[in-house]
Asker: 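Supplied in structure tokens, the structure appears directly below.
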Protein chains: 2
Amino acid sequence: MMALVRLHLVWCSRTLPRCPMSGPNRALAVQASATAQWMLKQEKVAELHRILASRSCTLWNSSLLSKRALSAASASPEEVMLTSKRYGVQRLPFSYLSDSDLAFFERLIPGRVITDPDELRPFNVDWLQSVRGCSKMLLKPRTAAEVSEILRYCNKRNLAVTPQGGNTGLVGGSVPVFDELILSTALMNQVISFDAVSGTLVCQAGCILQNLNQYLEEHDFIMPLDLGAKGSCHIGGNVATNAGGLRLLRYGSLRGTVLGLEVVLADGSVLNCLASLRKDNTGYDLKQLFIGSEGTLGVITAVSILCPQKPKSVNLAFLGCQSFSQILGTFTTCKGMLGEILSAYEFMDEACMKLVESHLKLTNPVTGSPFYIVIETSGSNSAHDEEKLNNFLEHAMASGLVTDGTVATEDKKIKVLWSLRERITEALIHEGYVYKYDLSLPVERLYDLVVDTRAHLGTAAKNVVGYGHLGDGNLHLNITAESYNHSLLDAIEPFVYKWTARYNGSISAEHGLGFRKKQYIQYSKPREAVVLMQQVKALLDPKGILNPYKTLPASS
Amino acid sequence: MMALVRLHLVWCSRTLPRCPMSGPNRALAVQASATAQWMLKQEKVAELHRILASRSCTLWNSSLLSKRALSAASASPEEVMLTSKRYGVQRLPFSYLSDSDLAFFERLIPGRVITDPDELRPFNVDWLQSVRGCSKMLLKPRTAAEVSEILRYCNKRNLAVTPQGGNTGLVGGSVPVFDELILSTALMNQVISFDAVSGTLVCQAGCILQNLNQYLEEHDFIMPLDLGAKGSCHIGGNVATNAGGLRLLRYGSLRGTVLGLEVVLADGSVLNCLASLRKDNTGYDLKQLFIGSEGTLGVITAVSILCPQKPKSVNLAFLGCQSFSQILGTFTTCKGMLGEILSAYEFMDEACMKLVESHLKLTNPVTGSPFYIVIETSGSNSAHDEEKLNNFLEHAMASGLVTDGTVATEDKKIKVLWSLRERITEALIHEGYVYKYDLSLPVERLYDLVVDTRAHLGTAAKNVVGYGHLGDGNLHLNITAESYNHSLLDAIEPFVYKWTARYNGSISAEHGLGFRKKQYIQYSKPREAVVLMQQVKALLDPKGILNPYKTLPASS
């Protein structure tokens, strides 16, 4: 009964050449090769080929100019239309930067005030190259005390401020809309402490997610979150946007894993709630206000976070399905049979795979299916885990839920397969302009939106693709066009939001509202809630200097 | 390799007589008997004896007069000194209840307005019989709309209101201090929906935790939290106090599992954030404000909560250790070897066990150790789980971490063993007056506080005992005396709080601050945080009518 069932499965262990980058960078260290295969009834054997990522690695402690670890889009920053023009935004009556302001900041953080237009350029444009501001100054504090001085001054002077981490956001939340000062967390990149008994990491907000994970792996722990932008995104930005990502299914959201925060408020006061306790019911849990508030209520300067032990055994199955209902059936089966070791359940449609194949030259090992699933298991006993996974795969195949697939147990091969899912965002960028939607929906309805949007847009769109974190009910709907086109936008919005609202979904599952979606909040939140949010904003930032034009619609 | 290792372990499966109560009530359905035993080197065989709980079962949908499912303390309500007298509290200038108020409420919810002093008595006193108010009226709304009408009226009339669930709180948060109206959630006890695909339960706030768990078990799911008061406590109260309990180690806190709330604000407006989505980043997560705010910011009327699948296999090990450092060593070992199936790691000292033996006549199956551990595993594959547990126990025993123990795999036997841990609170009540402390501390320091407090108090205390959720760094320190004694209180407080603050602990891990601890918040939170909490309170409840005298110290 306990023996591994390998009837139709062949696990092979061909070793990959050692990757020159030792870090856990799936996006960069993609080195595809033959991976462990399991042959199904169809006797299909697929091959994965080595793809060398063209971009250099973002180094620990040199994150100032770090970029999202994905290829740059073709358009250069100059070509992106100013946000204020494209969307017709009116500048709020903040002060304009003066010479005496510059002198103040130069005295406060000498050598860490950037005003050179060339240097400023990448910080004024988002990674998607969809929004552009015209900030004249970037500040790079190293401590909460410096952030406090900066905000106290800006609040007094009525200068608007945009906090910026790795600038990997997808809703235009991390770049200025007009001339807001950019407050970068890039130099606040120190690990403060790690306690291997409790698994609590305390670090500054500018630490890059991937670097933290690498640091923890040396102590046999991992970060409780993982996302495609890990090579560039900052933990402070992750927390400020309540990032979800690939491990949420297993380790839960940041609302549960973040134990404490240090935050500088708009008036410069420092709120030190940097506790490292798993439980703390002393008064209101203020840190929750800042998680997911996108820098509009305060600037997160340090984070205390509970990290899980590094799983001793990780397996990945990349499977093909003939229909979305089979994806759902496989999910239910897999939740029951893999139970506590299930750590990710991702899906993507055929159109997504075509994009990563054509634009990134990745090879899909199980071609020919309209849908694909990535299932990851993480556990403490490899024999048990493999047995559970084998039993599940046997069952899924025998019942016709899954028609084809490949399994990887070795770290590098797992990364190769993960890249097929993780690099979809990057592949999309090569299409031209991308209209991105990130929706929570009842899982049964998840893919209907892709089908309906495709039908609704017809030939107006170049591509309409769907993928996402099915285990969390989270769809990433992406619509591409050669370039930005306002009439296409009008055809998409509010169509997508109305559709989502009809099924009580959320118009932002994990990306936030940022600049791009703030005016659509009413599709997911009742008026009373929006009013209360505006009151909270007014309480914490009465002058509205923190990340203006973002997250909430203006008070009526 | 995969075979079960049973060298020194004997698992026996003697069947217990069927419990007359089919529900999962550990506290009530305690039917101890011989349990599965494993004999260690010492060859000790212990017996557990059947204890019939003396209290009747709290029935589904008849929770109005429900009590914490534990024995009542000896003192009758009349004997408890009025809170205002004992603690010298000044009444705030709220209005007094008038005949026209009574007429209004009688019209609004006819037959559900209690004014009879005898009927009111148990709602004016907390379960610990440590605080007592003198409310003249209890209201039992059935819907959020009725709660809305009640609060709108009270806010206009400046009448203070104490929301009350199962009245099982341990910090005096759920009973009035003076004559506040009591707003009971007892009749809001309906399940609204359950979705077996996502595991999302939506229900009214007055549903009793145990009943919800029983309901879910029929669908092969469980509630993500479990606590000793489950037979009486309401889910609304659990959420309002951010209850922790026995499953937090595995399923995380309510901040991650609560998906949505319906809340009525002080002015009567209804905030419907009752989403059932695992991810929703549309604006600020307002529901977090109400989780753990102890009814001071709004009245929770409905809850949407993510429930895990019922584990297919549950095992429990009850172990004896010779020192607290062995408890810590066992914890580290067990986290590594049990990994993802570890669902509880509780500890208690010898003094606790003596109390449950003497007051409740429970039998400790592994006597003679200064410390005891309860380890629970929950998994999807019993063979795998038993093998992991066996391997761990073998190792723990061979390395001398554990000296004695017993293991249970059958539901009823598991409940018998759990009762030894869960009924400590009840046993303590029999001692006389209990000074209760619920602290978060670094695990290495956890028991030092018990030792130091014992030394500090000397013979002034009857008993000083320590137990708690070691896996969460949560100590329950309890000090008993024949009766309430102010000089003993002065010897304990702020000694315990100062000690806790010295190690950056929290003076309330999971119980909240309520009435009893609000003035000590500064030991765990900086001044800036307390001021911001007071501002949030003023924003949401400008007249301060909701649960006054609780959670926060008065604004200076």
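Model, not experiment: these values are computed from the prediction. Chain naming here is simple, since letters A, B, ... match the order of the sequence lines and numbering starts at 1 in each.
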Asker: For B:Ile291, does its backbone N or O pair with a side-chain atom of B:Arg255 as donor and acceptor, under 3.5 Å?
Answerer: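 Pair found, side chain donor or acceptor close to backbone of B:Ile291.
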Asker: Taking atom types as modelled, find out whether A:Asp385 and A:Ser313 have a side-chain donor-acceptor pair closer than 3.5 angstrom.
Answerer: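 Yes, a side-chain donor-acceptor pair sits under 3.5 Å.
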Asker: Which bit of A:Leu248 is near chain B, if near means a heavy-atom gap under 4.5 Å: side chain, backbone, both or neither?
Answerer: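 Both parts, backbone and side chain.
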Asker: Out of B:Gly512, B:Ala538, B:Gly292, return the one with the most heavy atom pairs under 4.5 angstrom to chain A.
Answerer: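 Ranked by contacts with chain A, first place is B:Gly512.
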Asker: Is it true that a side-chain atom of B:Asp541 and a backbone atom of B:Ala266 form a donor plus acceptor pair closer than 3.5 Å?
Answerer: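 No, because the side chain of B:Asp541 does not come within donor-acceptor range (under 3.5 Å) of the backbone of B:Ala266.
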Asker: Heavy-atom distances under 4.5 Å only: say whether A:Thr241 touches chain B with side chain, backbone, both or neither.
Answerer: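 The answer is the backbone of A:Thr241.
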Asker: With a 4.5 angstrom heavy-atom cut-off, is it the side chain or the backbone of B:Asn474 that approaches chain A, or both, or neither?
Answerer: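 For B:Asn474, side-chain heavy atoms alone lie under 4.5 Å from chain A.
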Asker: Using heavy-atom distances under 4.5 Å, tell me whether A:Ile507 contacts chain B through its side chain, its backbone, both, or neither.
Answerer: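 Answer is both: backbone and side chain atoms of A:Ile507 are under 4.5 Å from chain B.
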Asker: Could you report the tightest heavy-atom contact between B:Leu475 and B:Leu446, atom names first, then the distance?
Answerer: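 Heavy atoms of B:Leu475 and B:Leu446 come nearest at CD2-O, 3.4 Å.
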Asker: Could you check whether the rings of A:Tyr437 and A:Tyr497 sit parallel, tilted or perpendicular, using 30° and 60° as the cut-offs?
Answerer: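 The rings of A:Tyr437 and A:Tyr497 stand perpendicular, inter-plane angle above 60°.
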Asker: Quick one: which of B:Ser198, B:Pro526, B:Ala509 has the most heavy-atom pairs under 4.5 Å with chain A, could you say?
Answerer: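 If we count pairs closer than 4.5 Å to chain A, B:Ala509 comes out on top.
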Asker: Checking heavy atoms, do the side chain of B:Val443, its backbone, both or neither come under 4.5 Å from chain A?
Answerer: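 B:Val443 touches chain A through side-chain heavy atoms alone.
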Asker: What part of B:Leu342 gets within 4.5 angstrom of chain A, counting heavy atoms only: side chain, backbone, both, or neither?
Answerer: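 Neither part, no heavy atoms under 4.5 Å.
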Asker: Are any side-chain N or O atoms of A:Glu340 and backbone N or O atoms of A:Gly379, one a donor and one an acceptor, separated by less than 3.5 Å?
Answerer: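 A pair under 3.5 Å: no.
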Asker: Got a second to check how far B:Glu376's CD is from B:Leu389's CG, nearest 0.5 Å?
Answerer: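 These two atoms lie 11.0 Å from each other.
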Asker: Quick one: which of A:Glu444, A:Glu510, A:Lys518 has the most heavy-atom pairs under 4.5 Å with chain B, could you say?
Answerer: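 Looking at each option in turn, the highest pair count goes to A:Glu510.
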Asker: Let's test your reading of the structure: which of B:Ser293, B:Gly252, B:Ser253, B:Gly244 forms the most heavy-atom pairs below 4.5 Å with chain A?
Answerer: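 With the most close heavy-atom pairs to chain A, the winner is B:Ser293.
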Asker: Check each atom of A:Val270 against the heavy atoms of chain B and say whether the ones under 4.5 Å are side chain, backbone, both or neither.
Answerer: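 Just the backbone, heavy atoms under 4.5 Å.
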Asker: Against chain B, work out which of A:Gly256, A:Ser440, A:Gly339 has the most heavy-atom pairs shorter than 4.5 Å and name it.
Answerer: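 Answer, by heavy-atom pair count under 4.5 Å with chain B: A:Ser440.
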Asker: Quick check on A:Lys335 against chain B: is it the side chain, the backbone, both or neither that has a heavy atom closer than 4.5 Å?
Answerer: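 For A:Lys335, the contact with chain B is made by backbone and side chain together.
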Asker: With side chain to side chain contact (heavy atoms under 4.5 Å, CB included) as the test, would you mind laying out the steps for A:Leu532 and A:Gln535 before giving the verdict?
Answerer: CA-CA 5 Å; A:Leu532 183 50; A:Gln535 290 171 336; 3.4 Å; yes
Asker: Examine whether an atom of B:Lys312 lies under 4.5 Å from a heavy atom of chain A, and if so say whether it belongs to the side chain, the backbone or both; otherwise answer neither.
Answerer: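 For B:Lys312, the side chain is the part near chain A, not the backbone.
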Asker: Okay, side chain of A:Lys537, backbone of A:Thr296: is any donor-acceptor separation there less than 3.5 Å?
Answerer: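 The answer is yes, because a donor-acceptor pair under 3.5 Å joins these two groups.
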Asker: Within the side chain of A:Ser524, is there an N or O that forms a donor-acceptor pair under 3.5 Å with the backbone of A:Ile521?
Answerer: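 Looks like no, no N/O pair under 3.5 Å.
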Asker: Parallel under 30°, tilted from 30 to 60°, perpendicular over 60°: which one fits the rings of A:His476 and A:His469?
Answerer: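 Rings of A:His476 and A:His469: perpendicular, as their planes differ by over 60°.
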Asker: Evaluate the criterion side chain to side chain contact (heavy atoms under 4.5 Å, CB included) for residue pair B:Val258 and B:Phe290; output intermediate values, then yes/no.
Answerer: CA-CA 11 Å; B:Val258 170; B:Phe290 305 98; over 6 Å; no
Asker: Using heavy atoms and a sub-4.5 Å threshold, report which of residues 273-287 of chain A line up against chain B, by residue number.
Answerer: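 The stretch touches chain B at A:Cys273, A:Leu277, A:Arg278, A:Lys279, A:Asp280, A:Asn281, A:Thr282, A:Gly283, A:Tyr284, A:Asp285, A:Leu286.
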Asker: Using a 4.5 angstrom heavy-atom cutoff, name the option from B:Leu265, B:Val197, B:Leu297, B:Val536 with the most pairs to chain A.
Answerer: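 Top option by heavy-atom pairs under 4.5 Å: B:Leu297.
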Asker: Taking atom types as modelled, find out whether A:Lys550 and A:Asn547 have a side-chain donor-acceptor pair closer than 3.5 angstrom.
Answerer: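 Indeed, the side chains of A:Lys550 and A:Asn547 share at least one donor-acceptor pair under 3.5 Å.
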Asker: Of all of B:Arg250, B:Lys525, B:Glu528, which one pairs up most often with chain A through heavy atoms under 4.5 Å apart?
Answerer: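 Among B:Arg250, B:Lys525, B:Glu528, the one with the most close pairs to chain A is B:Lys525.
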Asker: If you count heavy-atom pairs under 4.5 Å with chain A, which of B:Asn242, B:Asp220, B:Leu271, B:Thr200 comes out on top?
Answerer: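 Going by pairs under 4.5 Å, I would pick B:Asn242.
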Asker: Can a side-chain donor-acceptor contact be found between B:Thr551 and B:Glu294 if the only test is distance below 3.5 angstrom?
Answerer: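 Per modelled atom types, B:Glu294 and B:Thr551 side chains form a pair under 3.5 Å.
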Asker: Does any heavy atom of chain A fall under 4.5 Å from the side chain of B:Gln309, the backbone, both, or neither of them?
Answerer: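 Side chain only.
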Asker: Working to the nearest 0.5 Å, report the span between CG of A:Asp195 and OG of A:Ser304.
Answerer: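 Reported to 0.5 Å precision, the distance equals 10.0 Å.
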